[in-house]
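Take a look at the structure below.
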Amino acid sequence: MPNRYLIANWKMNVPPEGIERYFDALGEAGEGNGQLVVAPPFLYVPEVVRLVRDRVPRAAVAAQNCGDKPSGAFTGEVSPVMLRYHGVGHVIIGHSERRNLFGESDALIARKLTAALDAGLTPVLCIGEDLKVREAGRVSVFLADQIKAAASEALESAREVIVAYEPIWAIGTGRNASGAMVAETVAMIRESLGRFWPARYGQQAPILYGGSVTPDNISDLAANGNIDGYLVGGASLDSGKFLAINAGM
Ligand code: PGA
């Protein structure tokens, strides 16, 4: 299991004609640091899996979301079993955009986490507070609640669950958390993982940071953040910026 990750979250971006060029650039670059993972929109998955296999074999492919059941009458959903079948290895679960724009509840996110693990995927569980919570000094309690709500029996036998700390006020805003603030928050997250999940997660779960990560702020985050990698949105759309983050992490 790699212990450092760099995940590109394309969200609903990258035009079809840009896909091949992106992986050519990744394939031509040097090794960088950590496991590269690219999370394209669902429809691009088969093409991205093929491009990764042929041109960037050191990378892996993630989905941005999945359904909470292996199959059934759920119009518009994509099952984690289907993702696995197509060569996806990781799945982002509980991104704040899913929670806030699409109304995903803690209970639904817990079911998705279980369904992803049952299908053999490695979940990347996103947690993070908004500005009101941070200003009220309630970050620790808020994150503990999100961690507690995602706990399930499936965690007992899981090989790996990645946790991404993504403060909502930093996502897509150009305002990143400082390395020192991330380190302090990661300590809170480890404490809650050890308390509400099987104890080993407190020590071993890779914890990533996400929220306006760029080539400009990666050195502070890498030096002071005490983190195991990054989940990158905006800056991951430009292969040059994504590779610069990979080199600097
Ligand atoms: P951002 O997005 O890098 O554009 O802030 C991060 C994320 O939403 O995962």
Side-chain angles (χ1 to χ4, degrees), residues 1-9 26 30-39 56 58-64 88-96 113 116-117 121-129 139-140 143-144 146-147 150-151 155 158-168 170-171 176-233 235-236 241-249:
M1 273 185 304
N3 54 5
R4 287 169 66 72
Y5 294 89
L6 179 61
I7 305 179
N9 179 8
L26 259 50
E31 272 285 294
N33 300 305
Q35 166 78 61
L36 282 184
V37 184
V38 179
V56 204
R58 70 190 177 99
V61 181
Q64 299 174 14
V88 167
H90 301 72
V91 59
I92 298 170
I93 303 230
H95 190 282
S96 61
L113 190 73
L117 287 170
L121 298 173
T122 299
V124 182
L125 175 71
C126 297
I127 58 173
E129 80 287 354
V139 175
S140 173
L143 297 178
Q146 286 189 323
I147 288 164
L155 291 171
R159 201 175 59 93
E160 183 170 58
V161 177
I162 300 169
V163 176
Y165 169 55
E166 296 218 307
I168 293 166
I171 295 178
N176 69 293
S178 69
M181 186 190 280
V182 171
E184 185 186 53
T185 312
V186 163
M188 296 173 189
I189 291 169
R190 289 212 177 278
E191 204 263 321
S192 288
L193 288 174
R195 190 144 47 105
F196 298 115
W197 290 16
R200 65 189 159 96
Y201 289 97
Q203 286 107 46
Q204 295 168 7
I207 301 181
L208 317 186
Y209 167 75
S212 297
V213 176
T214 67
D216 295 328
N217 55 36
I218 190 66
S219 57
D220 168 50
L221 289 163
N224 305 310
N226 193 23
I227 19 188
D228 304 309
Y230 305 90
L231 179 50
V232 186
S236 80
K241 287 187 186 167
F242 189 57
L243 287 165
I245 293 168
N246 191 218
M249 68 183 268

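Hydrogens, waters and symmetry mates play no part in the numbers below; they use all other heavy atoms, side chains included.
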Got a second to check how far [X]'s [atom1] is from [Y]'s [atom2], nearest 0.5 Å?
X      : Y      : atom1 : atom2 : answer
Leu121 : Glu160 : CG    : CD    : 12.5 Å
Asp228 : Leu6   : CG    : CG    : 13.0 Å
Thr122 : Arg159 : OG1   : CZ    : 5.0 Å
Tyr209 : Ile227 : OH    : CD1   : 8.0 Å
Ile168 : Ile127 : CD1   : CD1   : 11.0 Å
Ile147 : Arg190 : CD1   : CZ    : 10.5 Å

Is any side-chain heavy atom of [Y] closer than 4.5 Å to one of [X]?
X      : Y      : answer
Ile171 : Ser96  : yes
Leu243 : Lys241 : no
Ile92  : Cys126 : yes

Take Val56 and Arg58 through the side chain to side chain contact (heavy atoms under 4.5 Å, CB included) test and state the conclusion after the steps. CA-CA 5 Å; Val56 204; Arg58 70 190 177 99; 4.2 Å; yes
Residue pair [X] / [Y]: nearest heavy atoms and the distance that separates them:
X      : Y      : answer
Ala150 : Leu125 : CB-CD2, 3.8 Å
Ile93  : Pro123 : CG1-CB, 4.4 Å
Ala177 : Val182 : CB-CG2, 3.7 Å
Leu231 : Leu208 : N-CB, 4.4 Å
Ala205 : Leu193 : CB-CD1, 4.0 Å
Phe242 : Leu26  : CD2-CD1, 4.3 Å

For the side chain of [X] and the backbone of [Y], is there at least one donor-acceptor N/O pair under 3.5 Å apart?
X      : Y      : value
Asn176 : Val213 : no
Glu166 : Gly128 : no
Tyr201 : Leu155 : yes
Asn33  : Ala247 : yes

When the ring planes of Tyr5 and His90 are compared, do they come out parallel, tilted or perpendicular, using 30° and 60° as the limits?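 Perpendicular: the ring planes of Tyr5 and His90 meet at over 60°.
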